[in-house]
Amino acid sequence: MANGSRRVGAAVVLLGALVSCGSGSGTAGPAAPEPSARTAETRSTSPVRLTDAPVPRCRTAGLSAAVGRMDPGAGQRNFPVVLTNVSSRTCTLYGYPGAAFVDAAGGQLGRDPKRTPGDPVTVTLAPGASAWAGLRYSSPGVSGARTATPAALLVTPPDEHDPLKVPWRAGAVPVSGNASSVFLTTLEPGTGP
């Protein structure tokens with residue numbers, strides 16, 4: 001019985017030694033790091049970042065608005081409405097801006113612009129970068145629409161409530177009657193066509 005106890009004891013000691021010294025490849029070596037430690041090490045030394053924090057959307061306070069020069073064509077008046085990132089952080093815009101012509105007292109002239117069908121894309125704006133949307137309407141002299149001359153164009157960034165006020169210097173706009181609709185396109189990178 002003493003011989004049997006020694007054999008079982010020796011087998012337990014030998015098995016324990018193999019388990020504690022082995023690296024899984026049959027040779028002795030340092031223990032492999034935990035998978036999470038290896039992943040963190042790879043991320044910290046890799047030149048490509050595998051995970052990025054999401055870029056926040058642009059807020060009204062971090063943007064400026066402007067209306068570019070008119071590009072007339074075939075009885076139409078076309079303007080780029082430009083939003084520029086004036087903050088120190090990168091942000092995104094997606095979809096359509098809001099727009100409304102207003103008089104000097106702030107009262108809206110005409111209806112809200114209609115959205116031109118399009119495929120919105122996310123526009124990422126680094127500090128100082130711009131995005132634009134096209135504002136289009138029929139020339140009032142051609143369409144016969146009733147007109148008014150706005151004091152400003154209010155431009156509201158997508159998903160925001162507070163507008164940016166841009167002085168309007170392009171004359172009368174259609175506010176009612178035939179062909180009085182104003183149209184907006186989705187935002188694109190840049191300052192215009």
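Index from 1, following the sequence. Quantities reported herein were computed from a predicted structural model and do not represent experimental measurements.
Considering every non-hydrogen atom in both Thr90 and Ala126, the closest pair reads OG1-CA, 3.7 Å. Between Pro158 and Gly95 the shortest heavy-atom distance is CG-C, 4.4 Å. Closest non-hydrogen pair, Leu154 versus Pro163, comes out as CB-CB, 4.0 Å. Of all heavy-atom pairs between Ala99 and Leu153, the closest is CB-CD1, 4.1 Å. Shortest non-hydrogen contact noted between Val175 and Ala148 is CG1-CB, 3.9 Å. Contact detail for Pro80 and Pro193: the closest heavy-atom pair is CB-CD, 4.4 Å.
Here the CZ atom belonging to Arg136 is positioned 9.0 Å from the OG atom belonging to Ser181, to the nearest 0.5 angstrom. Here CZ of Phe101 is found 10.5 Å from OG1 of Thr149. Values are rounded to the nearest 0.5 Å.
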Practice task
Step by step, work out the side-chain contact (heavy atoms from CB on, under 4.5 Å) result for Trp168 and Val102.
Solution key: CA-CA 9 Å; Trp168 184 256; Val102 295; over 6 Å; no

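Listed by first and then second residue, the disulfide bond (SG atoms under 2.5 Å apart) pairs involving residues 77-132 are Cys58-Cys91 (not counting sequence neighbours). Identified under the salt bridge (charged side-chain N to carboxylate O under 4.0 Å, His left out) test for residues 160-173, with sequence neighbours left out: Arg57-Glu160, Arg59-Glu160.
In the hydrophobic clustering of this structure, Val182 does not group with Trp132; members are Ile, Leu, Val, Met, Phe, Trp, Tyr whose side-chain heavy atoms approach within less than 4.5 Å, directly or through other members. Side-chain heavy atoms closer than 4.5 Å link hydrophobic residues (I, L, V, M, F, W, Y) into clusters, and following such links, even through other members, never connects Val155 to Tyr96. Cluster membership check: Val82 does not share its hydrophobic cluster with Val121, using side-chain heavy-atom separations under 4.5 Å among Ile, Leu, Val, Met, Phe, Trp and Tyr. Both Val67 and Leu109 belong to a common hydrophobic cluster when Ile, Leu, Val, Met, Phe, Trp and Tyr are linked at side-chain heavy-atom distances under 4.5 angstrom. Linking Ile, Leu, Val, Met, Phe, Trp and Tyr whenever their side-chain heavy atoms come within less than 4.5 Å puts Leu135 and Val173 in one cluster.
Using modelled atom types and a 3.5 Å distance limit, the side chains of Thr84 and Ser130 yield a donor-acceptor pair.
Thr186 places no side-chain N or O within 3.5 Å of a backbone atom of Pro120 that could act as its donor or acceptor partner. No donor-acceptor distance shorter than 3.5 angstrom exists from the side chain of Asp103 to the backbone of Pro150, with no hydrogens or angles considered. When atom types are taken as modelled, the side chain of Thr116 and the backbone of Phe183 share no donor-acceptor pair closer than 3.5 angstrom. Counting only distance, with no hydrogens or angles, the side chain of Gln76 and the backbone of Asn78 share no donor-acceptor pair below 3.5 Å.
The residue from Thr122, Leu93, Val81 that alone fulfils the side chain to side chain contact (heavy atoms under 4.5 Å, CB included) condition with Leu187 is Leu93.
Taking the centre and axis of the six-membered ring of Tyr137, the NZ or CZ atom of Arg77 falls outside the cone set by 45° and 6.0 Å.
Inter-residue side-chain proximity for Leu83 and Leu164 is flagged as met; some heavy-atom pair is nearer than 4.5 Å.
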